[in-house]
Protein chains: 2
Amino acid sequence: MTKPRTRRGGGRPTIADVARKAGVGAITVSRALREPERVSEELRRQIQAAVDELGYVPDPNARALASARAEVFGVLVPSLTNNVFAEVVRGIYDSLSASPFRIQLGNTHYSGLEEERLLQLFGSQRPAALIVAGIDQTPASRKLLESAGCPVVQVMETGPDPVDMMVGFSHLDGGRAATEHLIEAGYRRVGFIGARMDPRSQRRLAGYRAAMEAAGLFDPRLVTTTPVLSSVSLGREMFRDALAKVPTLDGVFCNNDDIALGVLFECHRASIAVPKTIGIVGFNDLDMMQVAFPSVTSIRTHRYEIGRRAVAMALAAIAGKRPEQRIVDLGFELKRRESTAR
Amino acid sequence: MTKPRTRRGGGRPTIADVARKAGVGAITVSRALREPERVSEELRRQIQAAVDELGYVPDPNARALASARAEVFGVLVPSLTNNVFAEVVRGIYDSLSASPFRIQLGNTHYSGLEEERLLQLFGSQRPAALIVAGIDQTPASRKLLESAGCPVVQVMETGPDPVDMMVGFSHLDGGRAATEHLIEAGYRRVGFIGARMDPRSQRRLAGYRAAMEAAGLFDPRLVTTTPVLSSVSLGREMFRDALAKVPTLDGVFCNNDDIALGVLFECHRASIAVPKTIGIVGFNDLDMMQVAFPSVTSIRTHRYEIGRRAVAMALAAIAGKRPEQRIVDLGFELKRRESTAR
DNA sequence: CGCCAATTTGGTAGCGCTACCATCTCCTAC
DNA sequence: GTAGGAGATGGTAGCGCTACCAAATTGGCG
């Protein structure tokens, strides 16, 4: 007669408690919760009453263990504070809040190694889907993604050869469009200023270069980059460097809006007329760009929508209805504003 | 002779595989991984070799189920895109990245109901600790926190009566300090502009009011608020409203830096001299405030550090070394800049 | 009226791990 | 020489849930 060992779980009600109270088998409770249409209405009602009365909440860990599938979306982004990724993440959260899926969010700090580590960790949870930023995974990461056994969505960019699905846009085209706009507006000595030169920034730079070369205006001295994390203050400093290097500079395509804002502020401070003396184009089109004085031309990207679409595609794949379009290009819009209106 | 049912788990190695390969019991492998000092060095080495060879990664779900404790920190914030919370979250992530703990992040959208729902959900996972933003939980949420059976840290604010532990600062004092600074600088018709009037904003407003009343300057018409989510463009609009209402306005304390930036831009646009005609003070001191032209006075808050401290306190409590100081006030700093230097 | 299929319900056997207790060795103390 | 304790290792029995299969019930049809 071994004494019934105290319940380790701390006394929260289990599915067995609900089953007992409702006078049914445990498996029926499980079904009533997951596939209500397969249980008669009467039992469903009884079970719901028992659930409410006991305050039963299923244990996701037990569920994941028994079904070999956790109701978790793994999400990997390079930064939590960069507004761009924060918006994508918000789109993901909003799309998933009404679903049973939880989110496991990882911050790679722009490190391939960290990405591998997190992918390994996430994989051990058997997630229902994985959403990762970027398309330049290391070979090891790519292998992990391919063998994850769940839908995978690469976001922020489009490119050939997706692991599974993709939602984003072409950063190269964005960079080109921004630069062409400056050239069309009459700017000639157009610089590129970019911090945190991640793969997406590299492609924007490539777009800039393509446009400049096509116009016969490219000059390597016009390009100013740094691997340092982007910020408004960095934008200001880099602009000063760029101007010192090329005093005839008359326009800048900034890798992102933070940099552009730093440039704008420095122009104010140094009494450089915008858009007359210098034209400025940013990237991403944060809310503040249209409010700035002068308002700043920027490439509007659809970050929130990228998050939503990624979830929608993953959900469809989970439901077995894999979208026929595996690569979704959400594009971008050039927002022409005062900073380039000369 | 029932055929051995195919492994549901999809063939990833389990602790039993490692044990077999290392020639030890499963429980010894478990111990070697969790409490290496309790296993002889020789076995430890053998086990590590087997783990590496098989690429074994423990299943966190099984672990959580067996130990009735998930290695998860539940984190609840009202917004993912607000830079202030993003910084706190980043501090939490950075502090936890080297630990075995995962993070479950929830977005309450400033809704008490949503907070309750998420708390309920998180509770079902038996988290190792909970970190929640704010101190104004609904009674139901507070009950959930109190019965969570794990350390709880309320962040962003300090106040009496913590559920368990607290890290933050006094928003009332911050609001008062900002307003007193404007008054000392000689501004008299000082307005308050605040969007998204959450409890913290309310307390900043209370600080503003206290300072204005102490100086005999308070006038309800100086206060402009809205429940709408804060943004730079909203800041611009609200400032125009405020100015229309009180044309003699000569200073503004903005509920946050986004609003302050909107005010600054509108001043540029309307050729209102800053700091001569209007003084501006923000709140939080985002990087861009010191770069802006003119640079903007703001209340610097230690968001990242709040995240780090919250984790440190929770970790200490988990380890049984509950910090003797349950309420940590990290304070704030008034950064005097050009926008109030007249 | 019996047979088969469809529908609803339940029992059993794990999922992969760890809590708990038992065992075994080795060492110290008297 | 033996008791007692500390340290290392292992076995057993679940944790709470669901996959799989079996059984019971219902209904349609020849």
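Numbers restart at 1 for each chain; the letters A, B, ... are given by sequence-line order, proteins then strands. Since we're looking at a predicted model, the values are computed, not measured.
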Charged N to carboxylate O below 4.0 Å: is that the case for [X] and [Y]?
X         : Y         : answer
Arg117(A) : Glu114(A) : yes
Arg90(A)  : Glu87(A)  : yes
Glu41(B)  : Arg44(B)  : no
Asp17(B)  : Arg12(B)  : no

Rounding to an integer number of Å, can you tell me how far [X] [atom1] sits from [N] [atom2]?
X         : N       : atom1 : atom2 : answer
Ile27(A)  : dA23(D) : CD1   : P     : 17 Å
Leu54(A)  : dG16(D) : CG    : P     : 14 Å
Gln125(A) : dC15(C) : CD    : C1'   : 16 Å
Arg126(A) : dC15(C) : CZ    : P     : 11 Å
Ile15(B)  : dT18(C) : CD1   : C1'   : 8 Å
Leu65(A)  : dG14(C) : CG    : C1'   : 9 Å
Arg20(B)  : dG10(D) : CZ    : P     : 14 Å
Arg31(A)  : dT18(D) : CZ    : P     : 11 Å

Report the C-alpha separation of Arg63(B) and Glu71(B) in whole Å, then their side-chain angles, then the decisive distance to 0.1 Å, and conclude whether the salt bridge (charged side-chain N to carboxylate O under 4.0 Å, His left out) test is met. CA-CA 9 Å; Arg63(B) 203 169 240 194; Glu71(B) 291 187 317; 3.8 Å; yes

Expected output is a numbered-order residue list: members of residues 56-64 of chain A with a heavy atom under 4.0 Å from any atom of DNA chain D. What is it? Tyr56(A), Pro58(A), Asp59(A), Ala62(A), Arg63(A)

Enumerate the residues from residues 34-49 of chain A whose closest heavy atom to DNA chain D is under 4.0 Å, giving them by residue number; use none for an empty result. Arg34(A)

Is there a side-chain contact between [X] and [Y] in this structure, where contact means two heavy atoms from C-beta onward sitting under 4.5 Å apart?
X         : Y         : answer
Val88(B)  : Tyr304(B) : no
Leu76(A)  : Phe122(A) : yes
Asp136(A) : Glu157(A) : yes
Arg102(A) : Gln125(B) : yes
Ser40(A)  : Gln46(A)  : no

So if I take the C1' atoms of five pairs at each end of the helix from dC1(C)-dG30(D) to dC30(C)-dG1(D) and get each local axis, what angle do the two axes make, rounded to 10 degrees? 40°

dT18(C) OP1/OP2 closer than 4.0 Å to side-chain N/O of Ser30(B): yes

Check this one for me: any side-chain N or O of Thr28(B) less than 4.0 Å away from OP1 or OP2 of dG10(D)? yes

Would you find a donor on one side and an acceptor on the other, under 3.5 Å apart, between the side chain of Thr28(A) and the backbone of Val24(A)? no

